[in-house]
Amino acid sequence: MLFLYSLIPLFTVGVAAQNASTTAAATAAQAACLATRLDLGPTKVKASGTQYDDTTEAYWSFFNRGDEPTCIVYPSSASDVQVAMGHIFHSQSDYAVRAGGHSPMIGWNGINNGVLISFEDMTAVSYDATSDTITVQPGATAGSAEAAVESHGVSPVWGRADVIGTGLLLGGGIAFQGPLYGWASDRIKELDVVLVTGQLVTATATNQYSDLFLALRGGANRFGIVTRYELYAAHTGTRNDKLWYGGLIVYPGSAATALLKATAHYVRDLTDPNAGAIMILNAYDTTSTTAHACYFFYKGTSLPTSIFGEFLSIPSTSQTFSSYSYYDITFLIQGDNGPNGQQFGASSFIGDETTFINGYAKAVNFTQHFADQLIRSEYTISPIPQSVWAASLSGPNAIGNPGVNYATVDFNLVFPDNEATRPPLLNAAYKLLLAQNPPSPGLPLYINECHQSQEVLASYGNYAALQATYAKYDPTGFNVAHTRGPKGL
C-alpha cells in the first residue's frame with residue numbers, strides 16, 4: 001500500500017505535465033490556424049462545418065476517423081501549402097497531411113490539437129505527350145489518375161486498389177505489374193516539395209536537390225510536403241487493350257502449406273518481368289473452402305506454366321481468369337472506406353519455404369488467441385523480384401536494392417465494425433508477433449505496410465544517407481517533433 005501511495009505524486013506530476021503539453025499544443029495550433037485563415041480565408045481554413053466533418057471521417061481505417069484537428073487547411077495550390085506550413089513552423093504547431101487517407105498507421109494522416117492539411121481540392125491529373133509524363137496533384141488516387149489518362153494509352157502505375165492515394169509513392173509503392181514497371185516511386189521524374197520552413201523547391205535526380213529526391217522516394221512524410229508529382233508514363237494501352245491475362249484463384253484453407261511452398265519458389269526463382277502476383281492467405285478461418293485468394297497476371301495471352309504451374313496444380317475452390325487491360329487491373333480490387341479498423345505490420349522474406357510456413361503458423365497462432373477481438377486476419381505476400389529495381393527510371397531510391405529476390409509480408413488485422421480502439425493486450429501481442437517474424441538478413445521493410453512502432457527506415461540500405469538528408473533540410477528536427485510518421489530520424 002505504501003508503494004501505491006508513493007506513486008500518486010509521480011502520477012499527478014505526469015498528468016499535469018501531459019495536460020500542460022496538450023494545452024501548449026492546442027495554443028500553438030490555434031495560433032497557426034488563425035494566421036493561416038487570415039491569409040487564405042475561411043473557405044480554405046475551417047474549424048467546423050460539413051466539409052470539416054466529412055474530412056475527419058474520410059479515412060480507410062476506422063481507427064483514423066473521428067480526430068478533431070484545430071483546423072483543416074484545404075489548399076488549392078502549392079503557395080497555399082507554403083503559407084500554411086510557414087505559419088505551422090512559426091507557431092511550432094503540430095500538424096498532419098492527408099492525401100488519399102488510405103494509410104492504416106494511426107496518426108500519420110490525422111491529428112488532434114494540430115493543423116491538418118487535406119488535399120481533397122488538389123486532385124488534377126494530366127498527360128503531356130511531348131514530355132511523355134503524367135502530372136499528378138497530391139489529392140488524386142490511383143483510380144482517378146488511371147481514369148484521367150488511360151485514353152492516351154498510358155498509366156501512372158501505382159497501387160493495387162483504386163482508392164490508394166499518392167502517399168504510396170512516398171513509400172516505394174507496389175503495383176500489380178511492379179516487376180515490369182518498377183517501384184511506383186521510381187517512375188517519378190520530379191517533385192515540387194514544401195519544406196518545413198515553407199520554402200518550395202523542385203527536386204529531381206540531377207539537380208541540387210537530388211539528395212532530397214532520393215529521400216522522398218521511400219522516406220514517407222518525413223522530408224516535406226509534395227504538392228506536385230511528375231511521373232514517367234507507362235505505355236500500358238487503353239481500357240480496350242487487353243494486354244494482360246490472369247485473375248483470381250481461391251483456395252481452401254487446407255492448401256496453405258502447398259501455397260506457401262509454391263510462393264517461396266516463385267519469390268526465389270522469378271526472372272520474367274511480365275509476371276505479377278499477390279498472395280493473400282487467411283489466418284483467421286483456416287478451415288474455410290474459400291480461405292485464400294491469389295491474384296496472378298501475365299503480360300501475354302496466358303499464364304505460363306513455367307512460372308505459375310505450381311499454383312495452377314494446387315486443388316482450388318474456384319478460378320476466374322480473363323484478359324485484362326491495365327485499367328481493368330487497377331479497378332479489380334475495391335478499397336472503399338468501411339466501418340473497420342485496420343492494422344498493418346511488415347516483414348520481408350527471401351524465397352525460403354520454412355520462413356514462409358513458420359511466419360504463417362505464427363500469424364495463425366496469434367489470430368486464434370485473439371479471434372474474438374477480430375473479424376479477419378491476413379498474411380499477405382507481395383513478391384519483389386530484381387526486375388523491380390532494374391525497371392527504375394529515377395535512379396536509386398531511399399530503400400536501397402538488397403540485391404536478391406524477396407517478398408514483403410503484411411500481417412493485416414481487421415477489427416469489428418465501428419470499434420474505435422485496439423485492445424492493449426492484443427496490441428502488445430501483435431508487436432511480439434512482428435518481433436518473432438523479423439526480415440531476412442539484409443532485407444528492407446516496406447513502409448506502406450508497416451506498423452507505426454517498427455524501425456522501417458533503419459532497415460534501408462540508404463539509411464545513413466536519409467539521416468544526413470534529414471539533418472540538412474530539417475536541422476531543428478521540426479517534422480519529427482511535430483508530426484507522426486516513421487521512426488529513426
Side-chain angles (χ1 to χ4, degrees), residues 104 174 249-270 277-288 290-296 308 310-311 313-316 342-371 373-374 376-386 402-414 425-451 453-456 458-460:
I174 298 173
I249 304 182
V250 176
Y251 297 93
S254 58
T257 299
L259 275 175
L260 291 165
K261 289 180 178 180
T263 297
H265 303 156
Y266 180 93
V267 169
R268 183 186 65 217
D269 299 332
L270 182 63
I278 182 173
M279 302 77 172
I280 307 171
L281 277 76
N282 188 333
Y284 184 84
D285 185 356
T286 59
T287 63
S288 170
T290 58
H292 314 304
C294 296
Y295 291 88
F296 303 112
F308 300 102
E310 191 171 357
F311 293 103
S313 68
I314 298 171
S316 61
Q342 303 273 345
Q343 182 161 297
F344 282 5
S347 195
S348 298
F349 297 157
I350 59 170
D352 176 74
E353 292 181 16
T354 301
T355 304
F356 279 107
I357 291 170
N358 287 347
Y360 177 69
K362 290 171 184 174
V364 170
N365 181 61
F366 168 89
T367 303
Q368 289 176 343
H369 189 80
F370 293 100
Q373 299 172 46
L374 300 167
R376 196 162 72 247
S377 173
E378 295 172 342
Y379 182 78
T380 302
I381 302 166
S382 301
I384 310 292
Q386 278 294 290
V404 295
N405 283 10
Y406 70 100
T408 67
V409 179
D410 178 19
F411 296 85
N412 178 205
L413 306 181
V414 184
L425 182 59
L426 180 150
N427 203 39
Y430 184 75
K431 292 178 183 179
L432 178 61
L433 172 67
L434 298 179
Q436 292 174 337
N437 289 278
S440 300
L443 295 185
L445 295 171
Y446 180 41
I447 206 165
N448 291 323
E449 293 178 352
C450 77
H451 187 263
S453 66
Q454 292 185 281
E455 298 276 1
V456 179
S459 74
Y460 287 2

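The model shown is predicted, which means the values in this text are computed figures rather than measured ones. Numbers for residues simply follow the sequence, beginning at 1. Computation of the quantities below employed the complete heavy-atom set of this structure, encompassing side-chain atoms and omitting hydrogens, waters and symmetry-equivalent molecules.
Considering every non-hydrogen atom in both S316 and V250, the closest pair reads CB-O, 3.4 Å. The two atoms that bring P252 and A291 nearest to each other are C-CB, 4.1 Å, heavy atoms only. Minimum heavy-atom separation, P439 to S347: N-OG, 3.3 Å. For L426 against L413, the heavy-atom pair with the smallest separation is CD2-CD1, 4.1 Å. Residues G351 and F356 approach most closely at CA-CE1, 4.0 Å, considering heavy atoms. Summarising the geometry of P315 relative to A255, their closest heavy-atom pair is O-CB, 4.5 Å, with the distance given to 0.1 Å.
The line from OG of S348 to OH of Y446 is 10.5 Å long, rounded to the nearest 0.5 Å. With rounding to the nearest 0.5 Å, the separation of OG in S313 from CZ in F308 is 13.5 Å. With rounding to the nearest 0.5 Å, the separation of CD1 in I280 from OH in Y295 is 6.0 Å. We find the OG1-CD1 distance between T257 and I314 to be 10.0 Å, quoted to the nearest 0.5 Å. In this structure, C450 SG and L445 CG are separated by 8.0 Å, a value rounded to the nearest 0.5 Å.
Between F344 and H451, a ring centre-to-centre spacing not shorter than 6.0 Å is recorded.
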Stepwise side-chain contact (heavy atoms from CB on, under 4.5 Å) test for I350 and R268:
CA-CA 7 Å; I350 59 170; R268 183 186 65 217; over 6 Å; no
Report the C-alpha distance between T367 and N365 in whole Å, list the side-chain angles of each, state the deciding distance to 0.1 Å, and finish with yes or no for side chain to side chain donor-acceptor pair (under 3.5 Å).
CA-CA 5 Å; T367 303; N365 181 61; over 6 Å; no
Please assess Y251 against T290 for the test side-chain contact (heavy atoms from CB on, under 4.5 Å), listing each intermediate value before the final yes or no.
CA-CA 6 Å; Y251 297 93; T290 58; over 6 Å; no
F370 vs Y430, side-chain contact (heavy atoms from CB on, under 4.5 Å): CA-CA, chis, key distance, verdict:
CA-CA 10 Å; F370 293 100; Y430 184 75; over 6 Å; no
Taking it one step at a time, do Q343 and N427 satisfy side-chain contact (heavy atoms from CB on, under 4.5 Å)?
CA-CA 10 Å; Q343 182 161 297; N427 203 39; 3.6 Å; yes
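Ring orientation note: the planes of F411 and Y379 are nearly perpendicular, at an angle over 60° on the 30°/60° scale. Between Y360 and H292, the ring planes lie perpendicular to each other; the angle is over 60°, past the 30° to 60° tilted range.
The backbone N or O of A283 lies less than 3.5 Å from no partner atom in the side chain of E378, so there is not a single donor-acceptor pair.
T408 and D410 share no donor-acceptor pair across their side chains, judged by distance under 3.5 Å alone. N282 and Y284 share no side-chain donor-acceptor pair at under 3.5 Å.
The shortest distance between side-chain heavy atoms of Y406 and S440 does not fall below 4.5 Å. Under the 4.5 Å side-chain criterion, counting only non-hydrogen atoms from C-beta, P402 is in contact with L443. Using a 4.5 Å heavy-atom cutoff, the side chains of V414 and L374 are not in contact.
Atom NE2 of H265 sits in a crowded spot, with more than 12 heavy atoms from other residues, nucleotides or ligands closer than 6.0 Å. Around atom NZ of K362, more than 12 heavy atoms belonging to other residues, nucleotides or ligands sit under 6.0 Å away.
The side-chain contact (heavy atoms from CB on, under 4.5 Å) with F349 is formed by just one residue from the set N437, T354, V267, I381; it is N437. With M279 as the partner, the side-chain contact (heavy atoms from CB on, under 4.5 Å) test is satisfied by one option alone out of T263, T380, V409, L259: T263.
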